[in-house]
A.B. asks: 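Quick one: structure below, then a few questions.
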Amino acid sequence: MNDRTTPSALNPLLDFGDLPLFDAITPASVGPAIDTLLASASSALETVTAADFPNDWARISLTLDVPTEQLSRAWGAVSHLNSVADTPDLRAAYNEALPKVTEFWTRLGADERLYAKYKAMDPATLNPEQARAHHNAMRGFVLGGAALEGEAKARFAWLQERQAELGQKFSENALDATDAFTLVVNTEELAGVPDDVLQATAAAAKADGQTGHKLTLKMPCYLPVMQFAHSSPLREKLYRAYATRASDQAGGDATKFDNTAIMSELLALRHEESRLLGYRHYADVSLVPKMAESPEQVVGFLRDLAGKARPYAEKDLADLRAFAASELGLQDPQPWDWPYIGEKLKEARYAFSEQEVKPYFTAPKVLGGLFQIVETLFEVAIRPDQAPVWNPGVQFFRIERSGPQGAELVGQFYLDPAARTGKRGGAWMDDVRARWLRPDTGRLQTPVAHLVCNFAEGVNGKPALLTHDDVITLFHEFGHGLHHMLTQVNERDVSGISGVEWDAVELPSQFMENFCWEWDVLKHMTAHVDTGEPLPRALFDKMLAAKNYQSGLQTLRQVEFSLFDMLLHSQAEPATTGAAILALQQQVRDEVAVLQPPAYSRSTNTFSHIFAGGYSAGYYSYKWAEVLSADAYAAFEEAALQNGHSTLDVATGRRYRQAILEAGGSRPAMESFKAFRGREPSIDALLRHQGMA
């Protein structure tokens with residue numbers, strides 16, 4: 001038989017031979033493939049829930065998990081392309097399929113027949129990984145509405161579909177509002193802005209057939225202009241555009257991207273969902289699968305942290321005000337002046353600027369240095385590899401380990417580093433597929449990850465230059481990737497990042513950031529773009545001295561976001577108007593912030609983490625996990641002191657890899673932490689690392 005007649009040959013989304021065929025997937029592929037996979041998964045669900053089908057883990061896994069995993073992988077590929085290569089046609093195809101996919105997962109998670117099969121299983125007959133997955137599944141059924149009946153169940157299903165639709169629209173509005181703003185200015189208006197940014201903005205204007213410089217609200221352009229442009233009116237123009245994105249304050253045609261009504265409806269629907277499940281509010285539901293025990297515990301943790309950080313934040317602000325008045329002639333600084341004042345004070349106090357450091361961090365050299373750290377610490381090798389990609393700038397790699405038969409494949413990853421139109425902002429790690437001892441083939445499936453950033457591209461044939469913050473971002477996302485790829489767990493639902501409590505999932509990512517501040521590590525990943533010289537030690541010492549510059553202000557800013565999110569989702573009656581959301585945000589600012597934005601600011605309207613990114617009533621996780629990651633890294637600092645060498649201690653790395661990375665979600669995060677540290681976490685290392693001890 002000619003294999004070109006098989007569905008997978010005709011539709012790239014139905015090819016599960018190995019890696020996704022990203023270069024062949026088109027908007028036309030989406031509908032037919034997803035319909036085929038949904039039919040297959042639905043049929044499997046009917047089979048395993050039949051009265052005579054055994055309550056057997058292995059049989060259910062073989063019959064149901066195989067088709068649902070294929071659906072997950074195909075939909076994952078579509079969702080990924082929607083995030084990194086958005087086009088009107090792809091967006092339309094994605095939005096057409098989204099309700100059907102959401103409906104299936106909601107139906108699966110709420111199926112009382114399937115719930116009964118799992119309930120009838122004896123966990124004692126399962127291996128420890130399966131038992132953990134079973135425990136999570138039982139909890140998932142309850143949170144998925146499996147215990148609901150009749151009208152309540154139907155309403156719950158509708159709530160899931162509507163929330164998915166609204167989250168997607170929120171994302172689209174945020175992306176479109178960001179992409180919609182451009183401003184062409186002349187060179188004089190950009191006095192003070194670094195050369196590499198000027199080259200990039202000039203090239204962007206030229207590509208549009210214009211002269212001058214094209215400015216956008218994407219971070220590689222927006223942030224350096226805010227930090228370095230001498231022109232306060234220009235900074236004000238950009239600041240206002242950025243702070244009012246996707247809101248009624250945007251002005252003109254841009255108000256069509258206003259997210260206010262979406263936020264209000266989402267909050268109301270989440271509250272209704274929590275009441276249907278028997279909880280007080282959505283924050284209670286959100287915390288069920290997390291480490292934190294209650295919203296009250298989280299709020300207490302955040303307020304305690306705010307109290308510890310506030311004196312440092314007040315001193316940061318007093319320093320900025322004094323410097324602005326005495327050195328810059330700014331007696332009454334405005335919100336758009338603070339990044340500029342901050343950068344100028346940093347230069348004056350530490351005699352260095354981010355731009356002075358940037359030429360030493362070329363993307364290829366940084367990547368090589370990162371790989372060397374990972375190879376040393378975790379006893380693996382990283383090699384270039386081949387795979388179909390969605391953009392010529394995407395790279396693909398494999399991670400190997402020495403085994404009895406030679407090099408063994410551990411995992412693979414795509415790296416998509418550059419900002420571009422049609423790619424949503426920020427940085428993230430996502431899984432392509434999980435490690436799984438497949439029940440259909442009996443073979444081990446190795447994990448594959450996406451690592452996505454939004455760095456500036458190289459210009460005039462030179463490699464991309466990264467800021468030190470970009471380097472930290474790259475290490476952060478790679479930490480997530482290692483958690484996903486180095487797992488040794490064979491049960492898909494608890495391998496890698498799967499099944500890890502949401503407020504512990506940032507531990508491996510934040511842990512990796514620490515290496516960006518180690519001289520013995522950093523010196524190997526720098527080479528000046530023109531001379532090839534490594535970063536001078538004197539410059540590094542200035543960076544280190546400035547490491548905790550404004551850490552008080554930054555900590556309060558994160559606490560503000562986290563506290564707002566938790567209080568927003570733990571109200572007895574949800575905020576269902578834009579005015580109510582703004583009022584709560586102001587209440588939180590009055591409590592913790594030392595700097596207030598202007599009245600027109602609408603930062604909540606692009607707070608994608610909590611309205612479209614799965615962090616609702618979970619944004620605190622970043623600060624919570626920082627306690628874990630700082631304490632974990634302290635073990636490497638202790639080893640360095642003891643052994644008199646760098647923090648790249650292989651023995652400690654091996655213990656960390658085995659206790660935390662390899663264990664994945666196969667046991668509670670606290671157990672993994674204690675297996676590594678021998679005790680519960682302490683906040684001391686975090687306060688010390690941030691200069692607030």
Side-chain angles (χ1 to χ4, degrees), residues 286-287 290-293 297-313 316 426-429 468-469 471-483 497 500-518 544 547-566 592 609-610 613-615 617-638 647 656 659-661 668-670 672-674 676-677 679-693:
S286 173
L287 290 186
K290 295 184 172 75
M291 276 179 89
E293 287 158 20
Q297 184 193 14
V298 172
V299 168
F301 163 73
L302 292 170
R303 286 185 166 142
D304 180 48
L305 191 54
K308 289 185 164 80
R310 191 174 188 90
Y312 296 93
D316 289 344
W428 66 92
M429 190 289 290
H468 189 241
D469 277 348
V471 176
I472 290 171
T473 296
L474 178 64
F475 272 60
H476 178 103
E477 298 308 335
F478 208 84
H480 282 309
L482 290 171
H483 202 186
I497 52 172
V500 177
E501 294 96 320
W502 196 261
D503 43 6
V505 87
E506 296 294 334
L507 189 171
S509 52
Q510 291 171 343
F511 165 82
M512 286 298 294
E513 294 180 23
N514 291 285
F515 292 106
C516 302
W517 295 103
E518 296 286 352
L544 196 59
K547 173 179 183 247
N548 292 319
Y549 176 60
Q550 296 188 352
S551 68
L553 281 172
Q554 286 164 359
T555 298
L556 283 195
R557 185 172 155 76
Q558 286 297 98
V559 169
E560 181 191 313
F561 289 150
S562 304
L563 192 56
F564 166 71
D565 166 44
M566 188 51 72
V592 301
H609 275 82
I610 70 166
Y615 275 87
Y619 195 80
Y620 78 91
S621 300
Y622 285 102
K623 296 314 288 181
W624 185 276
E626 261 183 60
V627 174
L628 305 174
S629 63
D631 199 351
Y633 190 72
F636 290 79
E637 294 174 316
E638 289 156 17
T647 49
Y656 172 82
I660 290 171
L661 299 179
M670 185 59 87
S672 291
F673 185 90
K674 290 201 291 198
F676 174 56
R677 277 308 251 152
R679 56 165 173 75
E680 293 205 352
S682 149
I683 199 171
D684 298 349
L686 174 64
L687 295 174
R688 175 170 58 79
H689 285 171
Q690 297 189 342
M692 296 191 296

A.B. asks: Is it true that a side-chain atom of K674 and a backbone atom of P681 form a donor plus acceptor pair closer than 3.5 Å?
C.D. replies: no
A.B. asks: Output yes when a side-chain donor or acceptor of E477 lies under 3.5 Å from a complementary backbone atom of M429, and no otherwise.
C.D. replies: yes
A.B. asks: Any idea which heavy atoms bring N548 and G691 closest together, and the distance?
C.D. replies: ND2-N, 3.3 Å
A.B. asks: Report the residue from E637, E626, K547 that forms a side-chain hydrogen bond (donor to acceptor under 3.5 Å, both in side chains) with H689.
C.D. replies: E637
A.B. asks: Is there side-chain contact between P508 and H480, with heavy atoms separated by less than 4.5 Å?
C.D. replies: no
A.B. asks: Of all residues at least two apart in sequence or in a different chain, which pass the side-chain contact (heavy atoms from CB on, under 4.5 Å) check with R677?
C.D. replies: D631, A634, A635, E638, F673, R679
A.B. asks: Got a donor-acceptor contact below 3.5 angstrom from the E501 side chain to the A669 backbone?
C.D. replies: yes
A.B. asks: Are Y619 and F564 close enough, and set up right, to give a ring-ring contact (aromatic ring centres under 6.0 Å, His included), and what steps lead you there?
C.D. replies: CA-CA 9 Å; Y619 195 80; F564 166 71; over 10 Å; no
A.B. asks: Which residues pass the side chain to side chain donor-acceptor pair (under 3.5 Å) test with Y633, sequence neighbours left out?
C.D. replies: E518, T647
A.B. asks: Run the ring-ring contact (aromatic ring centres under 6.0 Å, His included) test on H476 and W428 for me, step by step, so that the C-alpha distance in whole Å, both residues' side-chain angles and the decisive distance to 0.1 Å come before the verdict.
C.D. replies: CA-CA 9 Å; H476 178 103; W428 66 92; over 10 Å; no
A.B. asks: With the side chain counted from C-beta on, respond yes when S509 and F478 share a heavy-atom pair under 4.5 Å apart, and no when they do not.
C.D. replies: no
A.B. asks: For the pair K308 (side chain) and D304 (backbone), establish whether a donor and an acceptor sit closer than 3.5 Å, ignoring hydrogens and angles.
C.D. replies: no
A.B. asks: Can a salt bridge be assigned to the pair R557 and E560 using a cut-off of 4.0 Å between side-chain N and carboxylate O?
C.D. replies: no
A.B. asks: Side chains of Q554 and Q690 only: does a donor on one sit below 3.5 Å from an acceptor on the other?
C.D. replies: no
A.B. asks: Are E506 and H483 close enough that a side-chain donor and a side-chain acceptor fall under 3.5 Å?
C.D. replies: no
A.B. asks: Working to the nearest 0.5 Å, report the span between CG of L661 and CD1 of I497.
C.D. replies: 12.5 Å
A.B. asks: Judged by modelled atom types alone, do Y620 and D565 share a side-chain donor-acceptor pair under 3.5 Å?
C.D. replies: no
A.B. asks: Would the distance check show the side chain of D503 and the main-chain N or O of M291 forming a donor-acceptor pair, the cut-off being under 3.5 Å?
C.D. replies: yes
A.B. asks: Are any of the side-chain heavy atoms of V627 and K623 separated by less than 4.5 Å?
C.D. replies: no
A.B. asks: Using the ring of each side chain (for Trp, its six-membered ring), is Y622 parallel, tilted or perpendicular to H609, with breaks at 30° and 60°?
C.D. replies: perpendicular
A.B. asks: Any salt bridge between R688 and D684, counting N to O under 4.0 Å?
C.D. replies: no
